[in-house]
Amino acid sequence: MTSKVIEDYLVEVRTALALPSDEADAAIQEMRLHLEEDAKRRQLAQPKLGDTDAALAATAAFGDPREIANARLPGIARPRGSGRSNPWRIAGVAIAAAVLVGAFVAAWIVSTHLGGVCQDCGTVYTLDKTYAHESSWQNDSFSVAGNQLAGTFSVSLRPNATTAKGCVDVRLFDPGGHLYKELNECDAGDRQVAFHESGIWNVSVHFRNFTGDVHIEAHRDR
Amino acid sequence: MQQRVEAYMDRVQQAISVGLTHVLILGAVNRRAPIHGYALMQEMTASLDGETPFPQGTIYPILKDLEKAGVIRSRWAAGESGPARKYYELTAAGQQALRETRRYWSRVRDGIETLLEKDERP
């Protein structure tokens, strides 16, 4: 029988994972079995350990629910388009990306830290560039850390009105890999989105024959 | 200042851990397949001298992503003594991906070790 400690903990994990109901049921059942076995083994190793203490030790080793949810590789799990590719090639790329992501994120952190981006004003990501008839995808990520987080993601578009200005689609994915906000802009304007979650966020920008200035920024508020 | 450095390096290590966890899971699944989650964690822990650099629960979202990517597959089957467990094994594509990852890892490991070696310049 699962202890209340484990069941309460799994409720938190389910919330943090934010999976569809059927997927969440299977995932939680698998985790429950893991926690029950871990608690049982701890009691075998330490016969004086009570049920509650064993369950607490197992959940502690299992980790913070938010940290578990954020363990997913940014961008890999989110839904893809209809394009088809060789399956083993996809797998290879996924694993190579897994190995690389640490290095990339670390490099990003280092470059941000050493490159003079204002730490005090809380800017964690900036894309500021002028484009001419740009048709491409650009994928970036930024990392935010800390508790009681409040941040702002802003997009400013200044198309060149004298030419075919085109459009820009901006998608922001939360640390769980889910689409958090999508902005489809063709006209000049400024948009802002608040975010409240620490972890690695992904930004996908799709330029559709766009000509003009783009300024995208993520800013952690104090 | 020291706290700021430690917090910063914690973030670096967390970022690296995500990628390394994928590789460790692949290696453990390859060695012990079919294997369920708890046994997988034990295998990984044993290979790291009893200490894993990540919380145990992080393996499950990663297993799910690896399965979605076609690297591994799973099935529920009766446990050795107890309820049914979910067992994992590499797919054919996963075997190929593992071979590529070995080659890639070898190059990255050599490069990192070279860069992290103590500076021996005069």
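Hydrogens, waters and symmetry mates play no part in the numbers below; they use all other heavy atoms, side chains included. Within every chain, numbering begins at 1; the chains are lettered A, B, ... in the order of the sequence lines, protein sequences first and strands thereafter.
Between the side chains of A/Glu36 and A/His34, no donor N or O sits under 3.5 Å from an acceptor N or O.
With chain B as the partner, the residue from A/Pro65, A/Ala61, A/Gly63, A/Ala69 showing the most heavy-atom pairs under 4.5 Å is A/Ala61.
In this structure, chain A has a heavy atom under 4.5 Å from the backbone of B/Ala84, while its side chain stays farther away. Only the side chain of A/Leu17 has a heavy atom closer than 4.5 Å to any heavy atom of chain B. For a residue to count as touching a neighbouring chain, one of its non-hydrogen atoms must lie under 4.5 Å from one of that chain's; by this rule B/Gln13 does not touch chain A.
Look at B/Arg85 and A/Glu30 and you find no salt bridge, because none of the NZ, NE, NH1 or NH2 atoms lies under 4.0 Å from a carboxylate O. Under a 4.0 Å N-O distance rule, the pair B/Glu89/B/Arg73 qualifies as a salt bridge. Of the charged side-chain nitrogens involved, at least one lies within less than 4.0 Å of a carboxylate oxygen, so that A/Arg14 and A/Asp25 count as a salt-bridged pair.
Pairs of residues two or more places apart, or lying in two chains, never qualify as salt bridge (Lys or Arg N to Asp or Glu O under 4.0 Å) while including a residue from residues 18-27 of chain B.
Distance alone, capped at 3.5 Å, is enough to place a donor-acceptor pair between the A/Thr59 side chain and the A/Ala55 backbone.
Residues of residues 54-62 of chain B lying under 4.5 angstrom from chain A, judged on non-hydrogen atoms, are B/Pro55, B/Gln56, B/Gly57, B/Thr58, B/Tyr60, B/Pro61, B/Ile62 by number.
Within the 4.5 Å cutoff, side-chain heavy atoms of B/Met44 are placed close to those of B/Leu40.
A/Ser154 and A/Gln192 make their closest contact through CB-CG, 3.8 Å (heavy atoms, listed as atom of the first residue, atom of the second, distance).
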